[in-house]
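The next block holds one structure in the form of structure tokens; read it before the comments.
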Amino acid sequence: MDFVEFDSFNTDDKDVNLPQPQPALSLPIASNLENLSKKFSGFSLSRKLTLTKNDNTMNNPQSQENDVMDKYAKLSLSLLKGEEISSSPVIINQNVTGSLSTRLSRVFNGSISDARMRDIFTSLEDKLDHNVECYQELVEPGFMGTVSRKKLKGRIEQELIKNQTTILKEYQPIVKQLKHMEAKLKKLNELNTQTNDRLQKNFQFSHEFNTTVNKLYEEKQLIGIKKDLLEAFKKKFTLNEYEEYVLVQGDLNDEFFTAMRKAESIVDNCSILLAEDNPQLGLKIMSKTNAVISKAIERSVHYCHRTLDNLYSLNSKSRLITLHKCFQVLRDKDRFDEIIDKFSESRSKDLLHEFYNQVQGQVESPPNERGPGARSATSSSTDIRPLFLSAHDPVRFVGDFLAYIHSIAVNESETITNIFTMGDDNDHQFDSIIQNVTNKILRALSKPIKSRIEQIISAETKFLTIFQIFNLVELYSMMFGKQLHQSDDLVSTMRVLVCACQDRIFTIVSNKIATISSSNSARLELNLDLQPPEWIIDFYSEILPMIDQVASDTILHLSQEENDRFLALIINQPIKVFTEHVQDNKIFTKRDSYIIRFNFLDLIQSKIMPISLLSDKVLELNDLNNDLIAKLTDLELTSLLQNCGLYDYYNIINMICPFSDDFFEPSIYEPIKENKLYSMENLQKVDTTLQEYVPNAMIEIQQSLLRLNSPVTVTDVVNNVFLEFVKFVEKLDSINREYLEFNFTWSDFELATMLGIDEVYVTYKQNLNSIEQ
């Protein structure tokens, strides 16, 4: 297939769109050979496959043809002798196939894609005559085949040249336009050269002109800068004569504070001059300006002192505004605290002087008493009734005393607020100062107030009086807390006084209880009438009215822990003292002890029950009463069993198995037969005793409980005792029927009727039956 010469396809030819080399493909050579042989009908591969790689290099075509013919002759003879002739005219030799595969791989496995290869062969077929002879001439190994292939190559090259010519003709108009444009561009280049020459000349002229103008402008600018510097220096680093006069001798008005701000800015700006190599100028200016500022500050301090000494002058709004501006100036210069301290000290002395006039009567004015306007904001001692006139009544005195202190605190707070505010709600710059000054002024009253009220509290022994004083102190403590800051000394003092009242109430109650505990008269009040002593009535007659007036969650606004301690002090501690007195008294039997203790607890319970704050203690006392009733019931039941001769049997049965309302089975009590007391004779004696004692049992037990103050409790004890007695007798009778075939004379219902609890017993039986069902 040497007619396909890929060297003729030059990749450098940009006008021809030819396929580019592609990576090698792995082709199945055998299948491609068969397809190729089918496509070229009449094409004899056997003749072409015998060509070797050196066929194209031979110089003599005739000798080459003869050699090939000899090869084919020998091949034909060998095939006729040893191999089976195929029906196809093409005889495939193994060596020829290998040679053909090598050459075809070089062609088909090139960089040309399959689609492009298919197009090439299709175009190649169009150039051939579609007959067998034409294909045979192309594949002839001899000279004629070579000529035919070269002709085919010539036709293909001619076709390529024709196609390239057609493409070049399409670019011919564009080339003409480019040549026309080339001529215009040459003209434009010439004009550009001429224009650049002219511009260069103009630029040189303009440069010279601009240089001259710039020099003149720089000289002008330098002169202007010097002038501005001199003006700025004079403005920023010097005070004119009028400004110095205003600061040193003029009135304190807007011009004064404007000049003050300018002087301060001059001092601040002198730091720039001090950074120069020669700082002498800055030092001189700063020294002179500071001297003027110092004089102005002293004038401001003197103005503040003079104004605060005469508060009437603050009725003028302009003067108040000036005072505030002075405050701002002195605040920045750390002189404001000096004004505040002196003002607070002088007003504190005035307050103390007036305070002692109220408490102790008129005294001489202190030597440093200020002018007539010094106490303009508070009431004079001659304006209200002096407090010492009501000193005989502690509650009234404390009320008047705290009202007077509250009026002073309110007046001082309003005065200080008016001094340091301009009446604007948004003016809060002096809020902390107002609180601080008010606290400093009123701090002088804290110790006298505390000592005076604590003296009254410690000297008072009446419980109700201390409680009334506590209410007053607590009320004014809340009022002071709303009016003043929570951290003020006066508010803290009021809180201390509240705690002092609470502690005094604890102390009074503790002392009363301690006195009662060690009192012989309290012990002697206990006698056989079994009634509560008089001291408990007197004790609660003072305390309970106070507690009944409390509307808070705890008594005296105590914490929960302290409230529980106080309740234990007024409830549990008297009970403890009374129990000790009863135990120390040897005249009481056990029954008497239970009854008198119950009467005592019942009295306390009846006293505290209407008070909601003592509801928990009511429940606690109720539990104690129930315990006493249970003990008293057991004691009466034991006495009844002993009088009827059943106590030993009661103990024996409980030792075997205690009775229960839920379950009873006589067979459980079979061990009772082993006891010597359990005999027919003994039980007959018990039956006789029952018939003799039961009719009088109701009267005897009622007489023993006659001193129990609660009729309901007496009824409950009697019913419980007789009910338990009847239940025991009824179950013992069942055991007797089981083991001795013996019955008591009276049945359980008859016995309940004799004891007067027939209705109670019937109710018990009905409830028991309903539970069993």
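All figures in this text were calculated on a predicted structure; none of them were measured in a lab.
The two residues N189 and T193 have their closest heavy-atom pair at O-OG1, 2.9 Å. Of all heavy-atom pairs between I570 and F539, the closest is O-CE2, 3.7 Å. Between I297 and M260 the shortest heavy-atom distance is N-CE, 4.2 Å. Here the shortest heavy-atom pairing between V473 and I453 reads CG2-CG2, 4.5 Å. Taking both residues in full, the closest heavy atoms of V246 and R299 are given as O-NH1, 3.2 Å, listed atom of the first, atom of the second, then distance. Contact record, L569 with S510: CD2-OG, 3.6 Å, taken as the closest heavy-atom pair.
Residues H305 and V301 form a side-chain contact, since some pair of their non-hydrogen atoms from C-beta on lies under 4.5 Å apart. A heavy-atom distance below 4.5 Å is found between the side chains of F463 and V509. Residues L442 and I408 are in side-chain contact: their nearest non-hydrogen atoms beyond the backbone lie under 4.5 Å apart. Side chains of F327 and I339 form a contact here, defined as non-hydrogen atoms less than 4.5 Å apart. No side-chain heavy atom of T493 sits under 4.5 Å from any side-chain heavy atom of L445. With a 4.5 Å cut-off on side-chain heavy atoms, I466 and I457 count as touching. F343 is listed as a side-chain neighbour of I419, based on a closest heavy-atom distance under 4.5 Å. Residues P574 and Y540 form a side-chain contact, since some pair of their non-hydrogen atoms from C-beta on lies under 4.5 Å apart.
The main-chain N or O of A514 is never found under 3.5 Å from a side-chain atom of S517 such that the two would form a donor-acceptor pair. The closest donor-acceptor contact from the side chain of D548 to the backbone of L544 lies at 3.5 Å or more, if one exists at all. Side-chain atoms of T289 do not come within 3.5 Å of backbone N or O of M286 as any donor-acceptor pair. Q502 places no side-chain N or O within 3.5 Å of a backbone atom of L558 that could act as its donor or acceptor partner. Judged by distance alone, the side chain of S287 and the main-chain N or O of K284 form no donor-acceptor pair under 3.5 Å. Judged by distance alone, with hydrogens and angles left aside, the side-chain atoms of S413 form no donor-acceptor pair with the main-chain N or O of A409 at under 3.5 Å. Under a 3.5 Å cut-off, the side chain of S300 and the backbone N or O of A296 do form a donor-acceptor pair. At least one donor-acceptor pair closer than 3.5 Å links the side chain of S407 to the backbone N or O of Y404. Remark: the backbone N or O of C304 is not paired with any side-chain donor or acceptor of T307 at under 3.5 angstrom.
Of the inter-residue distances, the one linking K447 atom NZ with L352 atom CG reads 11.0 Å to the nearest 0.5 angstrom. With values rounded to the nearest 0.5 angstrom, F566 atom CZ is found 8.5 Å from N563 atom CG. Atoms CZ and CD1, from R452 and I449 in turn, are 12.0 Å apart once rounded to the nearest 0.5 Å. Atom-to-atom distance recorded for K325:NZ and F257:CZ is 6.5 Å, nearest 0.5 angstrom. Note that OG of S518 and CD1 of I513 are 12.0 Å apart. Values are rounded to the nearest 0.5 Å. The distance from the SG atom of C499 to the CD atom of E474 is 10.5 Å, given to the nearest 0.5 Å.
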Side chain to side chain contact (heavy atoms under 4.5 Å, CB included) between K288 and L239, intermediate numbers included: CA-CA 10 Å; K288 182 179 179 181; L239 291 171; over 6 Å; no

CA sep, side-chain torsions, deciding dist, call: K349, E345, salt bridge (charged side-chain N to carboxylate O under 4.0 Å, His left out): CA-CA 6 Å; K349 290 180 179 179; E345 183 181 356; 3.5 Å; yes

Stepwise side chain to side chain contact (heavy atoms under 4.5 Å, CB included) check, L621 with M609: CA-CA 10 Å; L621 291 177; M609 187 176 295; over 6 Å; no

Stepwise side chain to side chain contact (heavy atoms under 4.5 Å, CB included) test for Q468 and L464: CA-CA 6 Å; Q468 292 174 347; L464 186 59; 4.0 Å; yes

Stepwise side-chain hydrogen bond (donor to acceptor under 3.5 Å, both in side chains) check, N196 with Q200: CA-CA 6 Å; N196 288 335; Q200 186 66 26; over 6 Å; no

Audit row: M478, L475, side chain to side chain contact (heavy atoms under 4.5 Å, CB included) steps and yes/no: CA-CA 5 Å; M478 179 182 63; L475 173 64; 3.9 Å; yes

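Between E244 and K295, no side-chain nitrogen of the basic residue sits less than 4.0 Å from a carboxylate oxygen of the acidic one, so the salt-bridge criterion is not met. Taking a cutoff of 4.0 Å between a charged side-chain nitrogen and a carboxylate oxygen, R347 and E412 qualify as a salt bridge. Ionic pairing of E562 and R565 is present here: one or more N-O contacts between side-chain nitrogen and carboxylate oxygen are shorter than 4.0 angstrom. One finds no salt bridge joining E219 and K215 here, because no Lys/Arg side-chain nitrogen approaches an Asp/Glu carboxylate oxygen to under 4.0 Å. Ion pairing of E620 with K617 is present here, as a side-chain N (NZ or NE/NH1/NH2) and a carboxylate O approach within less than 4.0 Å.
For the side chain to side chain contact (heavy atoms under 4.5 Å, CB included) with I571, the qualifying choice from V618, I543, D616, I608 is I608, the only one to do so.
Dense packing is recorded around CG of N210, with more than 12 heavy atoms of other residues, nucleotides or ligands lying under 6.0 Å away. For K262, the NZ atom counts as densely surrounded, since its 6.0 Å shell holds more than 12 non-hydrogen atoms of other residues, nucleotides or ligands. Crowding of D564 atom CG: a count of heavy atoms from other residues, nucleotides or ligands under 6.0 Å exceeding 12. Sparse packing is recorded around CG of D553, with 12 or fewer heavy atoms of other residues, nucleotides or ligands lying under 6.0 Å away.
Aromatic ring pairs are classed by plane angle as parallel below 30°, tilted from 30° to 60° and perpendicular above 60°; the pair H207 and F203 is parallel. Ring pair F470/H557 is tilted by interplanar angle, where 30° to 60° counts as tilted. Taking the six-membered ring where the residue is Trp, F205 and F209 present parallel rings, their angle staying beneath 30° rather than reaching 60°.
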